[in-house]
Amino acid sequence: MDEIAYITTPLYYVNAEPHIGHAYTQIAADTLARYCRQSGKKVFFLTGTDEHGQKIQDAADARGISPREHTDEMVGKFKDLWVKLDISNDGFIRTTDEEHKETVRSLLNKLYEKGEIEKRSYTGWYCVPDERFWREKDLEEGKCPECGREVERIREDNYFFLMSAYQEKLIEYINSNPGYIKPDIRRNEVLGFLKNNRLDDLCISRPKSRLSWGIPLPFDENYVTYVWFDALINYYSATGYIAPPGVNWWPATCHLIGKDILTTHSVYWSTMLMGLGLPLPRKIFAHGWWTITGEKMSKSRGNVIAPLDLVEQWGVNAFRYFLLRQVSFGMDGNFSEEQFISRYETDLANDLGNLLSRVLSMISKYSPSYDPSRPDGFEKLSEDISGDLEELYGELRFSSVLDRIWEIVKSANVYVERSAPWNLAKSDTERLSQVLTSLYETLGCVASLIYPFMPGASAEMNRQLGIEEPGLGIRRWGDAGRFGNIKKGDPLFPKK
RNA sequence: GGCGGAGUAGCUCAGCCGGUCAGAGCAGAGGAAUCAUAAUCCUCGUGUCGGGGGUUCGAGUCCCUCCUCCGCUACCA
């Protein structure tokens, strides 16, 4: 087991409001980070914002404010949302950070000096009003596909990262590291792409005259870096000034990304690191997208899910639970209110919430003794899964983890029926104590098991169980329990 | 076009290297219990595991082919 875990999310581009896709990546990364902390690793969990580029400059211009003012405002929105989603990131990087910019410039210099970057002239179809190049095949009847106006054939000098040189090396790397790109379907996509196409060199600059909102190239101040180059480097630069010192955080343990930016990470970023002579991250995991009631989420359809609406209605715990339980992580998922409600009522309110409620109520009603000295064999259920969890979390199989946890919850409900404490209360107080202690201990354990997914619900369970110092780790039988502190509260997941 | 996925009970889906794999949850029907958020527990599925062919003692599970749906095909965050 690695002693450290460096987990990243993509840097979100701050030209639009955060939506469910952003929230999804965050929650998955957060759950992984919390589990890693729980299992005793040193964790650095990083997220942040990508703030350079044409669209930001345009957005700021349109509002008549500076890019900096614009991004400051947007960054606030993202940070607020992360707080509301219980995201426990250890750092927040902005590509406009001075330290980041310095790292980018120094790495660019290094590549330039190594001969990995070359100036070339690029000829292409340029749409003057939109200020951007189009590829020949993207043109629609010879005109700009975005605005339909005439494009011009113009020549522009730019700097290129000589990515093509790494094609074979990258194929070989991916082949010999089966865990590098996950899930396998994404790995296949990348390999298929690399094997069937010739990798080109990567244009990494824009003339300042055309785009000023960027990091100037250290070897040619007339240019700024093109966004991806700048943004990707965040993963590395953060280890130098945001991460806790005294630990070698690079290479990252896991880059969590959406499938839309798979190529950028698996091809551009990997080859950039090869060019720099830096180790590649251990894993790049690309998750799927959410559709809404079967349709792709889009503004024009008016079906964009605003995370905060759901959080306000159902609570952040249920929201986090649903996203990670509903689909196997990596695949696309469908979001429908019906399914959300079904998960909420069945899994959360009926199975888990009611279990807590009935057990605490029986303990206060029947006044058994707390007696962990005679486990009922039931404790094994919770102990047996810890090995599985390590493996399942390692593969980011969040829904399977929850399945395993709910096996315990469900069997606890069965155990209640089988042992019928309401009868034992009249006939066999020793057995009653044994049964209710088992259930109590199981709940304590479940509280710790759900912590990575639902930190708030976990804390509330512990509060009601009267476990005052639950500790970070996964709870063991008889760790800190006793009935005296129990404070039965409102339903954990109230039905609506 | 090329490459790669998916097609399993009404719904959502698990099924790794071929032999209790024909499953789970939800929905539906009946019953038990009463501690609990009318929450729980038990019982009930005649599904050609998309069609066809093949390999094998034996195939959702491997090979071929066909049908349907989907993804990727970069240098636009």
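Chain identifiers are assigned alphabetically (A, B, ...) following the order of the sequence lines, protein sequences preceding nucleic acid strands; residue numbering begins at 1 within each chain.
Among the heavy atoms of the strands, none lies under 4.0 Å from I204(A). Within the nucleic acid shown, Q339(A) comes within 4.0 Å of sugar-phosphate atoms alone, with no base atom in reach, counting heavy atoms only. Using a 4.0 Å heavy-atom distance criterion, F160(A) is classed as making no nucleic acid contact. If you check every strand for non-hydrogen atoms under 4.0 Å, S357(A) touches a base. At the heavy-atom level, R206(A) lies under 4.0 Å from the strands shown only through sugar-phosphate atoms. Among the atoms of the strands shown, base atoms are found under 4.0 Å from some heavy atom of K495(A). S400(A) comes within contact range of no nucleotide atom at all, as no heavy-atom separation falls under 4.0 Å. When heavy atoms are screened at a 4.0 angstrom cut-off, G53(A) is found touching no nucleic acid atom at all. Across all strands shown, D490(A) has no heavy atoms under 4.0 Å from either base or sugar-phosphate atoms. Residue-level contact check: N196(A) touches the backbone only, with heavy atoms under 4.0 Å from sugar-phosphate atoms and none from bases. Contacts of L262(A) with the nucleic acid, taken as non-hydrogen atoms under 4.0 Å apart, are absent. Residue contacts shown for V267(A) are absent, as no nucleic acid heavy atom lies under 4.0 Å away.
Aromatic ring centres of F229(A) and Y268(A): separated by at least 6.0 Å. Residues W269(A) and Y236(A) keep their aromatic ring centres 6.0 Å or farther apart. Residues H255(A) and F285(A) keep their aromatic ring centres 6.0 Å or farther apart. Between Y24(A) and F329(A), the ring center distance clears the sub-6.0 Å criterion.
Here G5(B) is the nucleotide among C42(B), U40(B), G5(B) with the atom lying nearest to any side-chain atom of N188(A). With distances taken from any side-chain atom of M331(A) to the nucleotides A74(B), A14(B), A39(B), the minimum falls on A14(B). With distances taken from any side-chain atom of E189(A) to the nucleotides C72(B), C75(B), U40(B), the minimum falls on C72(B). Taking only side-chain atoms of I185(A), from C-beta outward, the nucleotide of U73(B), U40(B), G5(B) with the closest atom is G5(B). Nearest nucleotide to the side chain of K488(A), out of C41(B), U73(B), U37(B): U37(B). Taking only side-chain atoms of D351(A), from C-beta outward, the nucleotide of C42(B), C75(B), U40(B) with the closest atom is U40(B). Distance from the side chain of M362(A) is smallest to C35(B) among G71(B), G4(B), C35(B). Comparing A36(B), U34(B), U40(B) by their closest approach to the side chain of W422(A) singles out U34(B). If you check U40(B), C26(B), G71(B) against the side chain of T346(A), the one that comes closest is C26(B). The nucleotide whose nearest atom lies closest to any side-chain atom of N354(A) is, among U37(B), C42(B), G4(B), U37(B).
In textbook terms, a nucleotide whose glycosidic angle is within 90° of 0 is syn, while G18(B), being further out, is anti.
In this structure, R343(A) places its CZ atom 13 Å from C1' of A27(B), rounding to the nearest Å. Taking atom CE of M461(A) as the reference point, atom P of U37(B) lies 16 Å away to the nearest angstrom. Rounded to an integer number of Å, the gap from CD of E345(A) to P of A36(B) is 20 Å. Note: CZ (F229(A)) to P (A74(B)) measures 21 Å, nearest angstrom. Atoms CG (L194(A)) and P (C72(B)) sit 16 Å apart, rounded to a whole Å. Summarising the geometry, the separation between CZ on R397(A) and C1' on G15(B) is reported as 11 Å, rounded to the nearest angstrom. Atom CG in D58(A) sits roughly 13 Å away from atom C1' in C76(B) (whole-Å rounding). Atom-to-atom, CZ of R325(A) to P of C13(B) comes out at 12 Å; the value is rounded to the nearest Å.
A gap of 23 Å separates the C1' atoms of A14(B) and G58(B), to the nearest Å. Here the separation of G5(B) from C63(B), taken at their P atoms, is 10 Å to the nearest Å. Distance noted for atom P between C62(B) and C49(B): 14 Å (whole Å). Here the separation of G31(B) from G50(B), taken at their C1' atoms, is 38 Å to the nearest Å. The separation of U48(B) from G7(B), taken at their P atoms, amounts to 15 Å, rounded to a whole angstrom. Across the C1' atoms, U20(B) and G60(B) are found 16 Å apart, a figure rounded to whole Å. Rounded to whole Å, the separation between the P atoms of C41(B) and A27(B) comes to 12 Å. The same atom, P, is picked in C44(B) and in C17(B); the two are 31 Å apart, to the nearest Å.
Residues S328(A) and D200(A) both approach RNA chain B. Their nearest nucleotides, taken by heavy-atom distance, put S328(A) toward the 5′ side. Judged by closest nucleotide on RNA chain B, V414(A) is the one of R186(A) and V414(A) placed further toward the 5' end.
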Full working for salt bridge (Lys or Arg N to Asp or Glu O under 4.0 Å) between R94(A) and D50(A): CA-CA 6 Å; R94(A) 303 179 56 173; D50(A) 178 13; over 6 Å; no
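Put simply, R198(A) has no side-chain N or O that comes within less than 4.0 Å of OP1 or OP2 on C75(B). Contact annotation: K410(A) does not reach the phosphate of C41(B) (side-chain N/O to OP1 or OP2, under 4.0 Å).
In this structure, C16(B) forms no base pair with any nucleotide, since neither Watson-Crick nor G-U wobble geometry is met with both distances under 3.5 Å. Across the strands present, A74(B) finds no partner; the criterion is a Watson-Crick or G-U wobble pair with both atom distances under 3.5 angstrom.
Side chain of S433(A) to main chain of S369(A): a donor-acceptor pair is present (N/O by atom type, distance under 3.5 Å, no hydrogens or angles). Panel note: side chain H265(A), backbone I261(A); a donor-acceptor pair is recorded below 3.5 Å.
Paired with Y321(A) under the rule ring-ring contact (aromatic ring centres under 6.0 Å, His included), one option of W314(A), W406(A), F493(A), Y344(A) passes, and it is W406(A).
Ion pairing between D72(A) and R68(A) holds under the 4.0 Å rule for side-chain N and carboxylate O.
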